[in-house]
Amino acid sequence: MSVGIKPLGSRVVIKKLEAEEKTQGGLILTSSAKEKPQVAEVVAVGPGTKDEDMELSEGDRIVFSKYAGTEIKYDGEEYTIMNQSDILAKVEK
């Protein structure tokens, strides 16, 4: 799943997953009521550094810090580039 962006060092490129459209009770949320998703899929990883090995790989689902990363638009898609240290956990499928 190459996106044309190759992160350097211990950075990763993620694509945020869509926010829920409905509550558990079945109420449909407007776009302003939806929370920004904090779950994403890793689409590219850097090589790591001598001080920090890369623990993630493409296709991993992750949970990340709320204000982490830099959002970019590339080829019509929105991505976020962040340090591996801003990622809190991998989500088991």
Side-chain angles (χ1 to χ4, degrees):
M1 175 195 266
S2 179
V3 294
I5 303 170
K6 182 66 178 165
L8 302 175
S10 61
R11 291 181 185 85
V12 297
V13 179
I14 63 169
K15 184 163 179 64
K16 294 177 183 174
L17 301 176
E18 293 298 314
E20 290 293 321
E21 301 275 330
K22 290 183 180 181
T23 64
Q24 286 183 338
L27 297 174
I28 297 175
L29 299 173
T30 63
S31 58
S32 61
K34 294 179 198 172
E35 283 189 35
K36 284 183 93 175
Q38 285 180 256
V39 176
E41 182 176 351
V42 176
V43 294
V45 297
T49 64
K50 65 179 181 178
D51 297 327
E52 184 178 5
D53 292 332
M54 183 53 64
E55 297 180 41
L56 300 167
S57 57
E58 291 182 15
D60 285 345
R61 285 189 174 207
I62 53 102
V63 177
F64 58 94
S65 297
K66 194 173 212 166
Y67 302 107
T70 301
E71 294 182 358
I72 63 166
K73 199 168 210 176
Y74 179 79
D75 216 15
E77 298 283 334
E78 291 187 15
Y79 300 99
T80 303
I81 300 174
M82 66 176 52
N83 289 315
Q84 179 177 241
S85 60
D86 291 327
I87 295 172
L88 305 173
K90 281 173 50 169
V91 177
E92 297 294 325
K93 296 178 183 180

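All values reported here derive from a predicted model rather than from experimental measurement.
Pairing each heavy atom of Tyr74 with each of Gly4, the nearest pair is OH-O, 3.6 Å. Nearest heavy-atom pair across Ser65 and Leu88 is OG-CD2, 3.7 Å.
Atoms CD1 and CG, from Ile81 and Asp86 in turn, are 12.5 Å apart once rounded to the nearest 0.5 Å. Distance CD/Glu71 to CD1/Ile14: 8.5 Å, rounded to 0.5 Å. To the nearest 0.5 Å, atoms CD (Gln38) and NZ (Lys16) are separated by 8.5 Å.
Applying the side chain to side chain contact (heavy atoms under 4.5 Å, CB included) test to Ser57 and every residue at least two apart in sequence or in another chain returns Asp60. Judged as a side chain to side chain contact (heavy atoms under 4.5 Å, CB included), and not counting sequence neighbours, the contacts of Lys15 are Val43, Glu77, Tyr79.
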Report the C-alpha separation of Ile87 and Glu55 in whole Å, then their side-chain angles, then the decisive distance to 0.1 Å, and conclude whether the side-chain contact (heavy atoms from CB on, under 4.5 Å) test is met. CA-CA 11 Å; Ile87 295 172; Glu55 297 180 41; over 6 Å; no

Show the numbers, then the answer: is there a side-chain contact (heavy atoms from CB on, under 4.5 Å) between Ile62 and Val12? CA-CA 11 Å; Ile62 53 102; Val12 297; over 6 Å; no

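Between Val3 and Asp75, the closest side-chain pair of non-hydrogen atoms is not below 4.5 Å.
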Acceptor/donor pairs from residues 44-52 side chains to any protein atom, 3.5 angstrom cut, sequence neighbours excluded:
from	atom 1	to	atom 2	distance (Å)
Thr49	OG1	Asp51	N	3.3
Thr49	OG1	Glu52	N	3.0
Glu52	OE1	Ser10	OG	3.1
Glu52	OE2	Gln84	NE2	3.0

